[in-house]
Amino acid sequence: MAPTIAKQQFTDSSALTDFVINQGNGVKGLSEMGLKALPMPYIQPLEERMCMTKIMPQESIPIIDMSNWEHPDVAKAVCNAAEKWGFFQIVNHAVPIEVLENVKDATHRFFGLPADEKNKYSKEHSASTNVRFGTSFSPKAEKSLEWKDYLSLFFVSEEEASAFWPPVCREQVLEYMRRSEVVIKQLLQMLMSGLNVKEIDETKKSLLMGSVRTNLNYYPICPNPELTVGVGRHSDVSTLTILLQDSIGGLYVRGNQGEGDNWIPVPPIKGSLVINVGDALQILSNGRYRSVEHRVIANGTKNRISVPIFVNPKPSDVIGPLPEVLQSGEKPIYKQVLYTDYVRHFFRKAHDGKKTVEFAAI
(Lines give C-alpha, C1' and ligand atoms only; values in the text may rest on other atoms or scores of the structure.)
Protein backbone atom coordinates (compact mmCIF):
# COMPACT_ATOMS: atom_id res chain seq x y z
CA MET A 1 0.00 0.00 0.00
CA ALA A 2 2.63 2.54 1.05
CA PRO A 3 4.65 2.64 -2.23
CA THR A 4 1.47 3.33 -4.25
CA ILE A 5 0.60 6.23 -2.00
CA ALA A 6 4.13 7.56 -2.27
CA LYS A 7 3.83 7.64 -6.06
CA GLN A 8 0.56 9.56 -5.77
CA GLN A 9 2.38 11.97 -3.43
CA PHE A 10 -0.80 12.00 -1.36
CA THR A 11 -2.79 14.06 -3.85
CA ASP A 12 -5.75 11.97 -2.73
CA SER A 13 -6.59 13.09 0.81
CA SER A 14 -8.72 10.00 1.50
CA ALA A 15 -5.70 7.78 0.73
CA LEU A 16 -3.65 9.90 3.14
CA THR A 17 -6.30 9.62 5.88
CA ASP A 18 -6.52 5.88 5.35
CA PHE A 19 -2.74 5.43 5.60
CA VAL A 20 -2.12 7.80 8.52
CA ILE A 21 -5.25 7.35 10.63
CA ASN A 22 -7.19 4.21 9.65
CA GLN A 23 -4.14 1.95 9.24
CA GLY A 24 -2.38 3.46 12.27
CA ASN A 25 0.80 4.50 10.45
CA GLY A 26 0.60 8.03 11.84
CA VAL A 27 3.00 10.73 10.66
CA LYS A 28 5.81 8.41 11.73
CA GLY A 29 4.78 6.18 8.81
CA LEU A 30 4.90 9.17 6.45
CA SER A 31 8.30 10.21 7.78
CA GLU A 32 9.76 6.74 7.29
CA MET A 33 8.71 6.69 3.62
CA GLY A 34 11.33 9.39 3.04
CA LEU A 35 8.92 11.88 1.45
CA LYS A 36 10.70 14.79 -0.19
CA ALA A 37 7.74 17.15 0.17
CA LEU A 38 5.24 17.73 2.95
CA PRO A 39 1.73 16.48 2.06
CA MET A 40 -0.69 19.38 1.54
CA PRO A 41 -2.95 18.74 4.58
CA TYR A 42 0.07 19.41 6.86
CA ILE A 43 0.95 22.78 5.35
CA GLN A 44 -0.03 25.43 7.88
CA PRO A 45 -1.24 28.93 6.96
CA LEU A 46 1.56 31.52 7.12
CA GLU A 47 0.33 33.04 10.38
CA GLU A 48 0.62 29.67 12.17
CA ARG A 49 4.18 28.91 11.08
CA MET A 50 7.11 29.82 13.31
CA CYS A 51 8.85 32.93 12.02
CA MET A 52 12.51 32.64 13.01
CA THR A 53 12.85 36.42 13.41
CA LYS A 54 10.34 36.25 16.27
CA ILE A 55 12.44 33.88 18.40
CA MET A 56 14.10 35.43 21.47
CA PRO A 57 17.11 33.14 22.11
CA GLN A 58 18.52 35.49 24.77
CA GLU A 59 15.38 35.14 26.92
CA SER A 60 14.78 32.23 29.27
CA ILE A 61 11.96 31.00 31.47
CA PRO A 62 12.95 30.71 35.18
CA ILE A 63 14.93 27.65 36.33
CA ILE A 64 14.13 26.73 39.95
CA ASP A 65 16.21 24.45 42.18
CA MET A 66 13.87 22.21 44.21
CA SER A 67 16.55 20.56 46.38
CA ASN A 68 15.49 22.63 49.40
CA TRP A 69 11.83 22.88 48.40
CA GLU A 70 10.49 23.83 51.85
CA HIS A 71 12.56 27.02 51.94
CA PRO A 72 10.34 30.14 51.57
CA ASP A 73 12.52 31.43 48.72
CA VAL A 74 11.61 28.39 46.60
CA ALA A 75 7.86 28.96 47.13
CA LYS A 76 8.34 32.64 46.30
CA ALA A 77 10.19 31.77 43.07
CA VAL A 78 7.49 29.24 42.05
CA CYS A 79 4.60 31.67 42.68
CA ASN A 80 6.47 34.50 40.95
CA ALA A 81 7.15 32.31 37.89
CA ALA A 82 3.50 31.19 37.76
CA GLU A 83 2.31 34.83 37.91
CA LYS A 84 4.75 36.35 35.43
CA TRP A 85 5.74 33.58 33.05
CA GLY A 86 3.24 30.73 33.42
CA PHE A 87 6.23 28.45 32.72
CA PHE A 88 9.37 27.39 34.58
CA GLN A 89 11.83 24.50 34.71
CA ILE A 90 12.65 22.63 37.90
CA VAL A 91 15.93 20.89 38.67
CA ASN A 92 17.03 18.73 41.66
CA HIS A 93 13.45 17.57 42.14
CA ALA A 94 12.19 14.32 43.66
CA VAL A 95 11.84 12.27 40.44
CA PRO A 96 14.95 10.10 39.93
CA ILE A 97 16.81 10.48 36.61
CA GLU A 98 16.49 6.75 35.88
CA VAL A 99 12.67 7.01 36.09
CA LEU A 100 12.79 9.81 33.49
CA GLU A 101 15.18 7.86 31.25
CA ASN A 102 13.02 4.72 31.53
CA VAL A 103 9.84 6.52 30.45
CA LYS A 104 11.68 8.08 27.48
CA ASP A 105 12.90 4.61 26.44
CA ALA A 106 9.37 3.24 26.86
CA THR A 107 8.01 6.02 24.62
CA HIS A 108 10.44 5.05 21.86
CA ARG A 109 9.45 1.39 22.36
CA PHE A 110 5.74 2.12 21.94
CA PHE A 111 6.22 4.19 18.77
CA GLY A 112 8.61 1.55 17.45
CA LEU A 113 5.79 -1.03 17.42
CA PRO A 114 4.33 -2.06 14.05
CA ALA A 115 1.39 0.10 12.89
CA ASP A 116 -1.17 -2.66 13.42
CA GLU A 117 -0.02 -3.06 17.05
CA LYS A 118 -0.32 0.68 17.77
CA ASN A 119 -3.65 0.76 15.93
CA LYS A 120 -5.15 -1.56 18.57
CA TYR A 121 -5.18 1.53 20.81
CA SER A 122 -6.82 3.91 18.31
CA LYS A 123 -10.23 5.47 19.03
CA GLU A 124 -11.93 2.87 16.81
CA HIS A 125 -10.18 -0.17 18.31
CA SER A 126 -9.10 0.62 21.88
CA ALA A 127 -10.66 -1.60 24.54
CA SER A 128 -10.85 1.46 26.84
CA THR A 129 -11.91 5.05 26.21
CA ASN A 130 -9.07 6.02 28.59
CA VAL A 131 -6.39 4.75 26.19
CA ARG A 132 -6.04 6.50 22.85
CA PHE A 133 -3.43 6.33 20.09
CA GLY A 134 -3.84 9.15 17.61
CA THR A 135 -2.24 11.72 15.37
CA SER A 136 -2.29 15.53 15.08
CA PHE A 137 -4.65 17.18 17.64
CA SER A 138 -8.24 16.95 16.45
CA PRO A 139 -8.07 15.92 12.77
CA LYS A 140 -11.82 16.32 12.13
CA ALA A 141 -11.78 19.93 13.40
CA GLU A 142 -8.47 21.07 11.88
CA LYS A 143 -8.02 22.77 8.52
CA SER A 144 -4.28 21.96 8.67
CA LEU A 145 -2.84 18.96 10.48
CA GLU A 146 -0.02 18.90 13.05
CA TRP A 147 3.09 16.73 12.60
CA LYS A 148 2.74 14.60 15.74
CA ASP A 149 1.59 11.15 16.89
CA TYR A 150 0.59 10.46 20.48
CA LEU A 151 -0.58 7.90 22.98
CA SER A 152 -2.92 9.34 25.62
CA LEU A 153 -3.35 7.48 28.93
CA PHE A 154 -6.04 8.69 31.36
CA PHE A 155 -5.37 7.23 34.80
CA VAL A 156 -8.31 5.57 36.56
CA SER A 157 -6.60 2.93 38.70
CA GLU A 158 -3.57 0.63 38.68
CA GLU A 159 -5.93 -2.29 37.87
CA GLU A 160 -7.41 -0.51 34.86
CA ALA A 161 -3.92 0.44 33.65
CA SER A 162 -2.76 -3.19 34.02
CA ALA A 163 -5.70 -4.36 31.94
CA PHE A 164 -5.66 -1.78 29.14
CA TRP A 165 -2.38 0.17 28.85
CA PRO A 166 0.21 -1.09 26.33
CA PRO A 167 2.59 -3.53 28.08
CA VAL A 168 5.68 -2.01 26.36
CA CYS A 169 5.31 1.25 28.31
CA ARG A 170 2.78 0.64 31.11
CA GLU A 171 5.10 0.13 34.10
CA GLN A 172 7.45 2.95 33.14
CA VAL A 173 4.60 5.46 32.75
CA LEU A 174 3.00 4.39 36.03
CA GLU A 175 6.31 4.79 37.87
CA TYR A 176 6.85 8.23 36.29
CA MET A 177 3.35 9.24 37.45
CA ARG A 178 3.86 7.86 40.98
CA ARG A 179 7.19 9.61 41.45
CA SER A 180 5.91 12.86 39.94
CA GLU A 181 2.99 13.01 42.38
CA VAL A 182 5.40 14.05 45.16
CA VAL A 183 6.59 17.03 43.08
CA ILE A 184 3.05 17.93 41.99
CA LYS A 185 1.90 18.09 45.63
CA GLN A 186 4.90 20.22 46.59
CA LEU A 187 4.22 22.69 43.77
CA LEU A 188 0.48 22.88 44.47
CA GLN A 189 1.14 23.45 48.17
CA MET A 190 3.37 26.44 47.30
CA LEU A 191 0.97 27.82 44.69
CA MET A 192 -2.06 27.52 47.00
CA SER A 193 -0.14 29.17 49.83
CA GLY A 194 0.44 32.11 47.46
CA LEU A 195 -3.37 32.41 47.11
CA ASN A 196 -3.97 32.38 50.90
CA VAL A 197 -5.30 28.81 50.77
CA LYS A 198 -4.08 27.47 54.09
CA GLU A 199 -5.02 23.82 53.61
CA ILE A 200 -5.63 21.56 50.62
CA ASP A 201 -8.66 19.56 51.88
CA GLU A 202 -10.34 16.76 49.88
CA THR A 203 -12.53 19.19 47.91
CA LYS A 204 -9.53 21.33 46.93
CA LYS A 205 -7.49 18.23 46.15
CA SER A 206 -10.18 17.11 43.69
CA LEU A 207 -10.30 20.57 42.09
CA LEU A 208 -6.53 20.71 41.72
CA MET A 209 -5.54 17.12 40.95
CA GLY A 210 -8.70 15.02 40.76
CA SER A 211 -7.71 13.48 37.42
CA VAL A 212 -4.42 12.81 35.67
CA ARG A 213 -3.60 12.11 32.03
CA THR A 214 -0.18 11.26 30.60
CA ASN A 215 0.64 11.63 26.91
CA LEU A 216 3.53 10.04 25.06
CA ASN A 217 4.25 12.39 22.13
CA TYR A 218 6.28 11.50 19.04
CA TYR A 219 7.43 14.14 16.54
CA PRO A 220 9.13 12.34 13.64
CA ILE A 221 11.60 13.85 11.17
CA CYS A 222 9.65 16.13 8.87
CA PRO A 223 10.20 17.17 5.23
CA ASN A 224 9.81 20.98 4.99
CA PRO A 225 9.53 21.48 8.78
CA GLU A 226 9.23 25.25 8.30
CA LEU A 227 5.83 24.76 6.60
CA THR A 228 4.13 22.93 9.47
CA VAL A 229 4.03 22.63 13.28
CA GLY A 230 4.58 19.85 15.78
CA VAL A 231 1.91 21.41 18.00
CA GLY A 232 0.06 24.63 17.21
CA ARG A 233 -0.30 27.63 19.54
CA HIS A 234 -2.36 26.76 22.60
CA SER A 235 -2.53 26.85 26.36
CA ASP A 236 -3.26 23.67 28.34
CA VAL A 237 -6.63 23.03 30.00
CA SER A 238 -4.95 21.49 33.05
CA THR A 239 -4.25 22.79 36.54
CA LEU A 240 -0.54 22.09 36.01
CA THR A 241 1.37 20.31 33.27
CA ILE A 242 4.62 18.50 34.10
CA LEU A 243 6.62 17.97 30.92
CA LEU A 244 9.58 15.70 30.33
CA GLN A 245 11.36 16.57 27.08
CA ASP A 246 14.25 14.78 25.43
CA SER A 247 17.51 16.42 24.36
CA ILE A 248 16.27 17.63 20.94
CA GLY A 249 14.34 20.79 21.86
CA GLY A 250 11.58 22.49 19.91
CA LEU A 251 9.26 23.86 22.62
CA TYR A 252 8.59 27.62 22.54
CA VAL A 253 6.66 29.83 24.97
CA ARG A 254 5.04 33.15 24.09
CA GLY A 255 7.29 35.95 25.32
CA ASN A 256 6.66 39.27 27.09
CA GLN A 257 4.91 37.32 29.83
CA GLY A 258 2.40 35.84 27.40
CA GLU A 259 1.42 39.13 25.78
CA GLY A 260 3.99 39.64 22.97
CA ASP A 261 4.44 38.23 19.49
CA ASN A 262 7.86 36.81 20.32
CA TRP A 263 8.72 33.25 21.29
CA ILE A 264 11.16 32.00 23.92
CA PRO A 265 12.85 28.62 23.45
CA VAL A 266 12.76 26.14 26.33
CA PRO A 267 16.13 24.40 25.97
CA PRO A 268 16.30 20.86 27.39
CA ILE A 269 18.23 20.54 30.65
CA LYS A 270 19.15 16.95 31.52
CA GLY A 271 17.07 15.74 34.46
CA SER A 272 14.81 18.81 34.50
CA LEU A 273 11.03 18.97 34.24
CA VAL A 274 9.15 21.83 32.58
CA ILE A 275 6.16 23.05 34.59
CA ASN A 276 3.38 25.19 33.20
CA VAL A 277 0.19 26.68 34.56
CA GLY A 278 -2.96 25.44 32.81
CA ASP A 279 -6.26 27.24 32.19
CA ALA A 280 -7.91 25.54 35.20
CA LEU A 281 -5.36 27.12 37.58
CA GLN A 282 -5.70 30.50 35.82
CA ILE A 283 -9.47 30.31 36.46
CA LEU A 284 -9.12 29.05 40.07
CA SER A 285 -6.63 31.86 40.83
CA ASN A 286 -8.87 34.47 39.14
CA GLY A 287 -6.09 35.27 36.68
CA ARG A 288 -3.26 35.61 39.24
CA TYR A 289 -1.45 32.59 37.81
CA ARG A 290 -1.33 32.56 34.04
CA SER A 291 -1.57 29.82 31.49
CA VAL A 292 0.58 30.94 28.58
CA GLU A 293 0.53 29.95 24.94
CA HIS A 294 3.18 27.56 23.74
CA ARG A 295 3.94 25.59 20.60
CA VAL A 296 6.30 22.95 19.22
CA ILE A 297 8.15 23.30 15.92
CA ALA A 298 8.75 20.37 13.56
CA ASN A 299 12.32 19.09 13.05
CA GLY A 300 13.89 18.21 9.71
CA THR A 301 16.74 16.04 11.02
CA LYS A 302 15.78 14.38 14.32
CA ASN A 303 12.89 12.45 15.86
CA ARG A 304 11.72 14.10 19.10
CA ILE A 305 9.64 12.79 22.00
CA SER A 306 8.06 14.41 25.04
CA VAL A 307 6.01 13.06 27.95
CA PRO A 308 3.61 15.52 29.60
CA ILE A 309 1.56 14.71 32.69
CA PHE A 310 -1.63 16.79 32.74
CA VAL A 311 -2.88 17.31 36.30
CA ASN A 312 -6.55 18.33 36.12
CA PRO A 313 -9.71 18.84 38.11
CA LYS A 314 -12.12 15.88 38.11
CA PRO A 315 -14.33 16.03 34.99
CA SER A 316 -17.42 16.39 37.23
CA ASP A 317 -15.97 19.34 39.20
CA VAL A 318 -17.27 22.87 38.80
CA ILE A 319 -14.34 25.30 38.58
CA GLY A 320 -14.30 29.04 39.24
CA PRO A 321 -12.25 31.54 41.26
CA LEU A 322 -11.46 30.13 44.73
CA PRO A 323 -13.27 31.83 47.66
CA GLU A 324 -9.91 32.58 49.33
CA VAL A 325 -8.85 34.61 46.28
CA LEU A 326 -12.04 36.69 46.38
CA GLN A 327 -12.29 37.18 50.15
CA SER A 328 -10.51 40.55 50.08
CA GLY A 329 -13.19 41.93 47.75
CA GLU A 330 -11.53 41.07 44.43
CA LYS A 331 -14.13 40.81 41.66
CA PRO A 332 -14.35 37.44 39.85
CA ILE A 333 -13.37 37.59 36.18
CA TYR A 334 -14.43 33.99 35.51
CA LYS A 335 -17.76 32.25 36.02
CA GLN A 336 -18.32 28.78 37.48
CA VAL A 337 -18.01 26.17 34.71
CA LEU A 338 -18.32 22.40 34.66
CA TYR A 339 -14.80 21.18 33.91
CA THR A 340 -15.92 18.47 31.47
CA ASP A 341 -17.74 21.17 29.40
CA TYR A 342 -14.57 23.25 29.34
CA VAL A 343 -12.47 20.31 28.12
CA ARG A 344 -15.05 19.38 25.46
CA HIS A 345 -14.94 22.96 24.17
CA PHE A 346 -11.12 22.70 23.89
CA PHE A 347 -11.14 19.42 21.94
CA ARG A 348 -13.93 20.23 19.51
CA LYS A 349 -11.83 22.87 17.73
CA ALA A 350 -8.32 23.26 16.33
CA HIS A 351 -5.56 24.76 18.49
CA ASP A 352 -6.28 28.51 18.60
CA GLY A 353 -3.99 30.15 21.12
CA LYS A 354 -5.67 31.28 24.34
CA LYS A 355 -9.24 31.40 23.04
CA THR A 356 -10.46 28.46 25.15
CA VAL A 357 -10.28 30.44 28.40
CA GLU A 358 -12.82 32.94 26.99
CA PHE A 359 -15.37 30.14 27.47
CA ALA A 360 -15.16 30.79 31.24
CA ALA A 361 -14.91 34.58 31.17
CA ILE A 362 -17.67 36.68 32.72
Side-chain angles (χ1 to χ4, degrees), residues 1-2 14 16-32 41 102-142 145-178 210-220 230-231 234 236-238 241 244 305-316 339-351:
M1 179 71 180
S14 63
L16 178 73
T17 301
D18 187 55
F19 179 77
V20 173
I21 297 175
N22 302 341
Q23 293 179 38
N25 288 290
V27 285
K28 182 174 185 282
L30 289 181
S31 175
E32 288 172 351
N102 288 346
V103 81
K104 285 194 277 191
D105 290 345
T107 301
H108 281 291
R109 268 201 307 280
F110 175 77
F111 288 102
L113 291 173
D116 56 352
E117 276 295 307
K118 288 183 289 196
N119 211 21
K120 289 176 183 172
Y121 302 100
S122 69
K123 185 178 179 181
E124 289 69 31
H125 303 113
S126 182
S128 166
T129 54
N130 298 316
V131 178
R132 173 82 48 87
F133 166 65
T135 190
S136 192
F137 172 64
S138 189
K140 288 185 175 149
E142 292 167 302
L145 298 172
E146 300 178 349
W147 194 260
K148 178 188 88 165
D149 298 330
Y150 66 87
L151 175 69
S152 180
L153 302 165
F154 184 84
F155 181 79
V156 175
S157 67
E158 298 255 347
E159 295 71 31
E160 207 255 7
S162 292
F164 298 114
W165 289 16
V168 293
C169 59
R170 178 177 60 224
E171 291 312 318
Q172 293 79 10
V173 174
L174 286 171
E175 185 63 7
Y176 171 50
M177 290 172 71
R178 281 185 213 110
S211 68
V212 181
R213 178 189 298 279
T214 301
N215 274 19
L216 310 186
N217 294 329
Y218 191 88
Y219 305 91
V231 178
H234 71 288
D236 295 344
V237 292
S238 56
T241 302
L244 170 65
I305 59 156
S306 69
V307 189
I309 297 176
F310 301 102
V311 182
N312 312 303
K314 242 192 216 128
S316 57
Y339 186 64
T340 192
D341 288 347
Y342 189 85
V343 173
R344 273 202 200 104
H345 177 66
F346 178 67
F347 280 106
R348 71 165 66 108
K349 57 192 177 50
H351 279 143

Check [X] against [Y] and note the closest heavy-atom contact, atom names and distance.
| X | Y | result |
| --- | --- | --- |
| V27 | K148 | CG2-N, 3.5 Å |
| N119 | N22 | ND2-O, 2.8 Å |
| G230 | E146 | O-CB, 3.5 Å |
| Y121 | P166 | OH-CA, 3.4 Å |
| E160 | S128 | OE2-OG, 3.0 Å |
| Y219 | V231 | OH-CG2, 3.3 Å |

Non-hydrogen side-chain atoms of [X] and [Y] separated by less than 4.5 Å:
| X | Y | value |
| --- | --- | --- |
| L30 | P220 | no |
| E158 | R178 | yes |
| V173 | F155 | no |
| N130 | F164 | no |
| L151 | V131 | yes |
| N217 | P308 | yes |
| F154 | F310 | no |

Could you tell me the separation between the [atom1] atom of [X] and the [atom2] atom of [Y], rounded to the nearest 0.5 Å?
| X | Y | atom1 | atom2 | value |
| --- | --- | --- | --- | --- |
| H108 | I305 | NE2 | CD1 | 3.5 Å |
| F110 | E117 | CZ | CD | 9.0 Å |
| K28 | D149 | NZ | CG | 8.5 Å |
| H125 | K120 | NE2 | NZ | 11.0 Å |
| L153 | R132 | CG | CZ | 11.5 Å |
| N25 | F19 | CG | CZ | 3.5 Å |

Taking atom types as modelled, is there a side-chain donor on D105 or Q172 under 3.5 Å from an acceptor on the other? no
Side chains of S238 and N312: any donor to acceptor distance under 3.5 Å? no
Is the backbone of [Y] close enough, under 3.5 Å, to the side chain of [X] for a donor and an acceptor to pair up by distance?
| X | Y | answer |
| --- | --- | --- |
| T107 | L216 | no |
| D18 | Q23 | no |
| R109 | C169 | no |
| D236 | T241 | no |
| S211 | P313 | yes |

Determine whether N102 and E175 satisfy the following criterion, side-chain hydrogen bond (donor to acceptor under 3.5 Å, both in side chains), listing intermediate values before the conclusion. CA-CA 9 Å; N102 288 346; E175 185 63 7; over 6 Å; no
Which word best sums up how the rings of F111 and F133 line up, parallel for under 30°, tilted for 30 to 60°, or perpendicular for over 60°? tilted
Quick one: do V237 and Y339 satisfy side chain to side chain contact (heavy atoms under 4.5 Å, CB included)? Show the steps, please. CA-CA 9 Å; V237 292; Y339 186 64; 3.7 Å; yes
